[in-house]
Amino acid sequence: MEIRLNLNAAPETSDRLKKAAAKKTAATESLDDAWIRILAMNNSSPDQTRLIEVKNGMSAGLIGRDPAAASKRFSKAEALRLYKGLAESQREGKLADLVKNTPANYHLITTERQFGELLAELKNESIVAVDTETTGVDVYTDVIVGISFSLPTIDKHVYIPVAHENCEQLSREYVLEGLRPILTDEGIGKVFHNAVFDIAMFRRHGSDLKGLAWDTQTAMHLLNENEAEQREGQPKGNYKLKYLAPKYLGVEGDTFDQLFGKNAQFKEVPLDLALVYAAKDTELTWRLYQFQIHHMRKTPTILEYYQSVEIPLLYVIVDMEANGYVLDLDFAKEYGERLHKRANELQAEIIKELAPFHEGSEPLNLNSPPQMRPALSVAIGVELANMDAKKTLKPLEGKYEVVAKLLEYKKITKLSGTYIDALPQKQNPTTKRWHSRYNPMGTVTGRFSSGKDEDDTSGQGFNAQNQPGEARPMFVAPPRKVLVGADFKAQEIRCVAYLSQEPVLIDAFLEGRDPYASMAATFYKRPYEEVYKNSDGSDTKERKQMKVVWLATLYGMSDFSLADMLGVKKPEATQFKKDIFGSMPKLSAWLAENEKFVQKHGYVWADKQARKRRIPDAQLKRKQIPYGKWNDPKYVESRKHNSKINRALRQATNARVQGSSSIQTKVTMVKAAEYCAKKPGWALWGSIHDELVFEVPADFTKEEANDIRDIMVNSYRWGDVVPNGTDVEVMRRWGEGMSTEEFFDGPSVISKTGEYEKRVRFVEANWQRGTIGNEGN
DNA sequence: ATTCTGAGCCAC
DNA sequence: AAACGTGGCTCAGAAT
């Protein structure tokens, strides 16, 4: 109390007094008083947790102060230093406990006799849980260090170390050779948690795994696509076994990092400890499988879909990822240099113009919106709300040259930073190819996501599904091969036509009219042919716009935003929507029905009830906001609450369409992969939502091109009425294609020396060309 | 020095 | 009054 009062005294007096007080405290303050003082400080919440743990550890006698420091006042810093030691001793205690309490049915397999017994037992099982321990997550470079199995009929859980350090064990070659008949036996089902990883690891060592029966990770996504967001305060991606086990099995789980430290290698873990950890993994996987199949059986449509589509799809993903991509590094280098040169020019010009308006000691950073917004606002005399290129800057580019330059700069730096410069760095050292990751349950609706592996630190992963048109030409077919791209023409609208049974849409598809062009003709009051395609065969501006408008409308866009997008006033947009949707009453009724359903049930179905999308927010009760009070801060929470409901209602229709379309794509991928497996040199190359890309020998035939077309339009049909459509094109570089007709019959291809030879030479010429401009789209 | 978050922007 | 669904990556700036 005295000290506080004195703080208001003159500075030098205050300082002296503080020092004196501190000295006094150091001499007299008890540890309890020190803790009261420290815990009352303004600590961050993780610090506070740690401090309390240290306090408890000290009173329990687990840890004590360093004698050398005992004469000094006990500080927060010292307490936090003690935490490190405490955590370490706790971890060691935990590990010792784990080993001491190893269940009697956990067995380490390190001798030929034990292994022989295990093989005999495995042959008697109809389904087992399997897991691999490895040196890392690069399935093309890392290696297996151990394998665990759970054998349910005899309740036995084993770990077979094959490459641990400093211990007696069987060799990897010996073990994998012995396991081969088991691993490749279709009749012995295998359950994994994240099967794609383990299958790829087995393949890396020459074992082609068969009999995949269940993947507890993908199944969990199907049972609850909201799992991640339901764990409050936890990061996204909580489909790890260690998170699921406590929630659904009531079993404590420790993550690898927690037990062994962040950069630990499993091969360094002593075998007694490795056994408890690894065997527990398969035991938990097995128990989670039983829990999941029990629940999924209650909805047979989902179970049937999971087993017939999602399970076989996992093999397809392993193959597709392993096939990988070839990049034209010379092209990337040259293109990258061009972009850099231009970016530097623009940067110099923009800085010269804006620097006088930049306040701050650091040089102006063009990539920093907080720096750029004020500087640019002053420079052009327009107060900018943000630096959004599309909404804010684009409308100003005609009036202010500096804005146009900035837009070009942003586009170029994004392109080179994210794609043209970045991708060449991601070559796999082992395969020399580029491998993306595809997550078949990466989205809540069922679409694939793509990117890096969750645990990957190598930086080799990349999103294969958002490559811009300018970056795609970097991706090339391997020598003597071509890429064949096949898309689902208007996939989502056909899906809507089927789900809603709207005759106007169905008729348009039956008569082969393009729905976007039809809408464009209506809106712009121009002939259908004129708005369908440009004379060079490219999409017209009008049709592209209608495509955006249609999709946006499907996603629940307001009339206000629609007007904005069309560049018209709101009443016009309202009328337009009325014209379009008013002429399709069945579609309108279907949209309304989706909203009603989700409000009643809290979820919606994808096609054939194969998948649910749970949207519980739709069941919230709307809060009343009195007329004219919208901006009243008192109603902020009510506004947020109601917009959650609005969002849920928009999601209902979208989830049905996106979910059903993703099922069509996945089923088609499985069929396509079956076809590729029969054709030497064929592979599935990529999947981008409504498009499949194949890698095929350049001498593939017209008949085979027709087979691809057939796979696309007949693998998954929207009922008996709505036809599917596809465009198939042949490419040397991704994004630079020609139709199959042109490829097989076009004048530049036909030759006196024979069709095949000429065609190969044609693609070789294209390969050499390297002139791909493809600026903008 | 590393990790997290938001803005922004790429894809369908 | 607000106002478009599903993703992933990069950068800047802040937090730890």
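As the structure is a computational prediction, the values presented were derived from the model and not from experiment. Chain letters run A, B, ... following the sequence lines, proteins first, then strands; residues in each count from 1.
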Applying a 4.0 Å non-hydrogen cut-off, can you work out what [X] is touching in the nucleic acid: base, sugar-phosphate, or nothing?
{"X": "A/Ala464", "answer": "nothing"}
{"X": "A/Arg647", "answer": "sugar-phosphate"}
{"X": "A/Glu492", "answer": "nothing"}
{"X": "A/Ser643", "answer": "nothing"}
{"X": "A/Arg650", "answer": "sugar-phosphate"}
{"X": "A/Gln371", "answer": "sugar-phosphate"}
{"X": "A/Asn365", "answer": "sugar-phosphate"}
{"X": "A/Gln658", "answer": "base"}

- C/dG13 phosphate, OP1 or OP2: any side-chain N/O from A/Ser368 under 4.0 angstrom?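 Checking C/dG13 against A/Ser368, a side-chain N or O does come within under 4.0 Å of OP1 or OP2.
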
- Should the ring pair A/Tyr325 and A/Phe475 be called parallel, tilted or perpendicular, given that the plane angle runs from 0 to 90° and is split at 30 and 60?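 Geometry flag for A/Phe475 against A/Tyr325: perpendicular rings.
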
- Task: Mind telling me whether A/Tyr335 and A/Phe331 have parallel, tilted or perpendicular rings, with 30° and 60° as the class edges?
- Result: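 Because their plane-to-plane angle lies in the 30° to 60° range, the rings of A/Phe331 and A/Tyr335 count as tilted.
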
- Message: Quick test of the criterion, 5.5 Å between centres and less than 30° between planes. Is A/Trp630 stacked on C/dA1 or not?
- Response: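 So no, this residue does not stack on that base, at least one cut-off failing.
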
- Item | Rounded C1' spacing from B/dC9 to C/dC4 in Å |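 Pairwise C1' distance, B/dC9 against C/dC4, rounds to 15 Å.
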
